[in-house]
Amino acid sequence: MSKFCRTVAGLERLVRRSWGRNYHATKTLYAANWKIGKINHIAMACPDIEKASALYRDVLGAKVSEKHPQEEHGVYTVFVELGDTKIELLTPLGEKSPIQNFLDKNKNGGMHHICIEVDNIEEAMKDLKAKKIRLLSETSKIGAHGKPVVFLHPKDCNGVLVELEQE
Ligand SMILES: C[C@@H](C(=O)O)C(=O)SCCNC(=O)CCNC(=O)[C@H](O)C(C)(C)COP(=O)(O)OP(=O)(O)OC[C@H]1O[C@@H](n2cnc3c(N)ncnc32)[C@H](O)[C@@H]1OP(=O)(O)O
């Protein structure tokens with residue numbers, strides 16, 4: 001064994017001793033079979049999506065999409081393009097929209113969720129479930145970009161609703 005290898009092995013023993021059980025937890029974390037990527041979008045719930053679209057298009061000068069119904073999610077979406085990321089404007093679609101309670105509590109609207117890309121959503125779901133993070137659906141759904149998405153409970157994510165989207 002070279003001197004370098006002996007030094008690395010020695011350092012590992014030292015870390016193992018000082019971190020105890022956390023050392024194994026950290027190793028497990030890095031051994032997960034999926035990787036987190038970049039922020040895909042930040043979503044805002046809006047009581048008046050036309051007014052919100054006009055703010056980003058006419059006042060702030062951004063490129064703003066048409067309004068699209070997302071039947072399976074109970075919302076209309078508008079995307080505001082901001083370089084390599086986006087803002088997603090949301091407003092309720094139908095009687096049982098998942099954003100209705102949020103808008104009832106936040107009359108002027110507000111930041112609703114962040115969407116983070118992952119390289120393997122099925123593995124991410126299995127792993128997070130095992131780590132007791134509540135998934136808000138048993139299976140992934142097809143999201144606004146035609147890719148599988150799943151939501152994580154805000155109470156398990158520091159008070160922020162998190163959407164994971166397959167890259
Ligand atoms: C098109 C698609 C895409 O991008 O691809 C989408 O965006 S779909 C976007 C819309 N779809 C979704 O949001 C799907 C996932 N969302 C859900 O399953 C639900 O909305 C929940 C997040 C579970 C909230 O459910 P619900 O409104 O029935 O419950 P609730 O009002 O009693 O909320 C339970 C607790 O969570 C908090 N809470 C609720 N919504 C929150 C949010 N957006 N951010 C942070 N905290 C939130 C409440 O204040 C409350 O805390 P306290 O108990 O302390 O008062």
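Read the numbers this way: they start at 1 and go in the same order the structure lists the ligands and their atoms.
Backbone and side-chain nitrogen or oxygen atoms of Lys155 are examined, and one is located within less than 3.5 angstrom of a nitrogen or oxygen of ligand 1.
Using a 4.0 Å cut-off between a side-chain N of Lys or Arg and a carboxylate O of Asp or Glu, Lys86 and Glu81 do not qualify as a salt bridge. Under a 4.0 Å N-O distance rule, the pair Lys67/Glu50 qualifies as a salt bridge.
No part of His145 comes within 4.0 Å of ligand 1, judged by heavy-atom distances. At a 4.0 Å heavy-atom cut-off, ligand 1 does not touch Gln100 at all. Only side-chain heavy atoms of Pro154 come within less than 4.0 Å of ligand 1; its backbone N, CA, C and O stay farther off. Contact annotation for His113 and ligand 1: only side-chain heavy atoms (C-beta onward) come within less than 4.0 Å of the ligand.
Taken to the nearest 0.5 Å, the NE2 atom of His113 stands 10.5 Å off from the CZ atom of Phe102. Remark: Ile114 CD1 to Leu152 CG distance equals 9.5 Å, nearest 0.5 Å.
Residue contact check for ligand 1: Cys115 places no non-hydrogen atom closer than 4.0 Å to it.
Taking every heavy atom of Ile99 and a limit of under 4.0 angstrom, the matching atoms of ligand 1 come to 10 (C).
With sequence neighbours left out, His153 forms a side chain to side chain donor-acceptor pair (under 3.5 Å) with no residue at all.
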